[in-house]
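Worksheet: the structure to be examined is printed underneath.
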Amino acid sequence: MSTERTDTEQADTERIGTERTGRAGGVGWEDRDRWDGRDGTDLNPIDAPGTSEAEWRAWPGLGALPELAYGGWRSAVVIAAHPDDEVLGLGGLLSLLAASGVRLRLVAVTDGEASHPGVADVAGLVARRVEETASALEALGAGGVEIVRLGLPDTGLAEREGELAGALGRAASGFEVCLAPWEADVHSDHEAAGRAAASAGLRPHFYPIWAWHWARPGDARLPWDRALRVPLPPAVLARKRAAIGCFASQLEPRGAGLEAVLPPGVVAHFTRDDEVLFH
């Protein structure tokens, strides 16, 4: 992941196609007026060619965002629609919070069992993803995180949103801060989890995942007026990179002609030296 790439090479790696069905299959883009069809196809925004990380890093707007004031937090509940979401979007912040002694609880909404379509051993895949999460949290220095697994169906959260809201409200009881997937991230599971957290009255800070792929620097579809930045010191960034590397099931080609769920161009969005939340 630390290999240097030219801007052209970086852009080429981010032309993600329709083969990434394990994550794009749950895309919630019913409101097509939100998207501009920039590539002239009918692909949803996750399957369409994406914005290169080089473009994001060149945009001064990210560095100009105000910083998140998390120094006084005593407890935080983190909601992840799929195993790896919390590390991709918030791994650095989780590492910082854990080092400060903040009580942390991870609510794993699904087990990510839909990431490999047609896999014969679904139970084995789930076990592997659970193990990857544990290893990633250890790599972040957050091995003591409390984990609550809801076991709801991967790519099926929109149909269980009311149930999810109730479960999140119970799981977050007693925690002062909630961190949840952004409710406009385009992936239907991310959106459902974010909406459920909001409807449960948790007043979450939202973290984007797929927005870094389909959006552009300064994109008016993102709530930049509510955006906050978390700078990551080099040691924390190194821990986050190591934690991402624990998700081998998502980083390796899946066979049967399917590429990795998280190819290098996508991973690059999560190895920059800051993270962004919307509040």
Side-chain angles (χ1 to χ4, degrees), residues 28 65-112 133 136-137 140-152 154 157-158 160-212 222-230 232 240 243 270 274-279:
L65 294 175
E67 293 187 16
L68 174 70
Y70 58 85
W73 293 2
R74 293 169 297 177
S75 63
V77 62
V78 182
I79 299 166
H82 313 98
D84 74 13
D85 287 341
E86 74 286 355
V87 173
L88 294 172
L90 294 171
L93 178 58
L94 292 181
S95 184
L96 290 165
L97 294 175
S100 297
V102 175
R103 181 189 176 194
L104 296 172
R105 174 175 289 173
L106 169 63
V107 181
V109 178
T110 80
D111 292 323
T133 296
L137 291 174
L140 291 174
V145 170
E146 306 166 20
I147 300 178
V148 176
R149 298 194 178 281
L150 301 183
L152 292 178
D154 190 358
L157 297 186
R160 308 280 289 272
E161 201 168 312
E163 175 186 352
L164 176 56
L168 294 179
R170 292 187 293 273
S173 178
F175 286 80
E176 62 181 2
V177 176
C178 174
L179 306 168
W182 184 37
E183 81 269 69
D185 203 38
V186 180
H187 192 297
S188 64
D189 280 349
H190 295 190
E191 296 191 347
R195 289 192 304 266
S199 65
L202 303 181
R203 302 183 64 226
H205 289 72
F206 294 109
Y207 61 93
I209 297 291
W210 286 109
W212 301 118
L222 275 64
W224 298 114
D225 59 328
R226 297 189 287 113
L228 298 167
R229 174 174 166 264
V230 181
L232 304 182
K240 181 178 181 180
F270 307 105
D274 54 22
E275 294 170 343
V276 175
L277 295 90
F278 304 131
H279 191 45

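Predicted model only: the values in this text are computed from it and were never measured. For this chain, numbers begin at 1 and follow the sequence in order.
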Q: Check the pair Arg195 / Glu161 against salt bridge (Lys or Arg N to Asp or Glu O under 4.0 Å), numbers first and verdict last.
A: CA-CA 8 Å; Arg195 289 192 304 266; Glu161 201 168 312; 2.7 Å; yes

Q: Taking the side chain as every heavy atom from C-beta outward, state whether Asp111 and Leu152 have any atom pair closer than 4.5 Å.
A: no

Q | Close side-chain approach of His82 to His190, heavy-atom, < 4.5 Å | A | yes

Q: Measure across Ala211 and Leu222 and return the closest heavy-atom pair with its distance rounded to 0.1 Å.
A: CB-CD2, 4.3 Å

Q. What heavy-atom pair brings Ala165 and Ser199 nearest, and what distance separates the two atoms?
A. CB-OG, 3.5 Å

**Q.** Flag side-chain contact, heavy atom, 4.5 Å: Leu179 against Leu93
**A.** yes

Q.
Within the structure provided, determine whether Leu228 and Leu65 are in side-chain contact (heavy-atom separation under 4.5 Å).
A. no

Q: Indicate the atoms forming the closest heavy-atom contact of Leu168 with Ala193, along with that distance.
A: CD1-O, 4.0 Å

Q.
For a 4.5 angstrom cut-off between non-hydrogen side-chain atoms, does Val107 reach Leu150?
A. yes

Q) Taking Ser95 for the side chain and Gly91 for the main chain, is one N or O donor matched with an acceptor at less than 3.5 Å? A) no

Q. Do Val145 and Leu94 pass the side-chain contact (heavy atoms from CB on, under 4.5 Å) test, and can you show the C-alpha distance, the side-chain angles, and the key distance before you say yes or no?
A. CA-CA 9 Å; Val145 170; Leu94 292 181; over 6 Å; no

Q. Are Asp274 and Val230 close enough that some pair of their side-chain heavy atoms sits under 4.5 Å apart?
A. no

Q: Grab the two heavy atoms, one from Leu88 and one from Phe270, that are nearest each other, plus how far apart they are.
A: O-CD2, 3.2 Å

Q) What pair of heavy atoms forms the shortest contact from His279 to Arg203, and how long is it? A) CE1-O, 3.5 Å

Q: Could you tell me whether His205 and Trp182 have their ring centroids closer than 6.0 angstrom?
A: no

Q | Worked check of side-chain contact (heavy atoms from CB on, under 4.5 Å) between Val276 and Leu68 | A | CA-CA 9 Å; Val276 175; Leu68 174 70; over 6 Å; no

Q.
Please check this pair: side chain of Glu275 against backbone of Gly92, looking for a donor-acceptor N/O pair closer than 3.5 Å.
A. yes

Q) Quick one: does Asp154's side chain have a donor or acceptor within less than 3.5 Å of a partner on Thr110's backbone? A) no

Q) Are any side-chain N or O atoms of Glu183 and backbone N or O atoms of Glu191, one a donor and one an acceptor, separated by less than 3.5 Å? A) no

Q) Which one of Arg103, Arg74, Arg105 satisfies the salt bridge (Lys or Arg N to Asp or Glu O under 4.0 Å) criterion with Glu176? A) Arg74

Q. Taking C-beta and beyond as the side chain, do Leu97 and Trp73 meet within less than 4.5 Å on heavy atoms?
A. yes

Q) Given Leu106, which of Thr133, Val77, Ile79, Val148 fulfils the side-chain contact (heavy atoms from CB on, under 4.5 Å) condition? A) Thr133

**Q.** Residue pair Ala81 / Pro181: nearest heavy atoms and the distance that separates them
**A.** N-CG, 4.1 Å

Q: Report yes if some heavy atom in the side chain of Asp85 is under 4.5 Å from a heavy atom in the side chain of Leu90; otherwise report no.
A: no

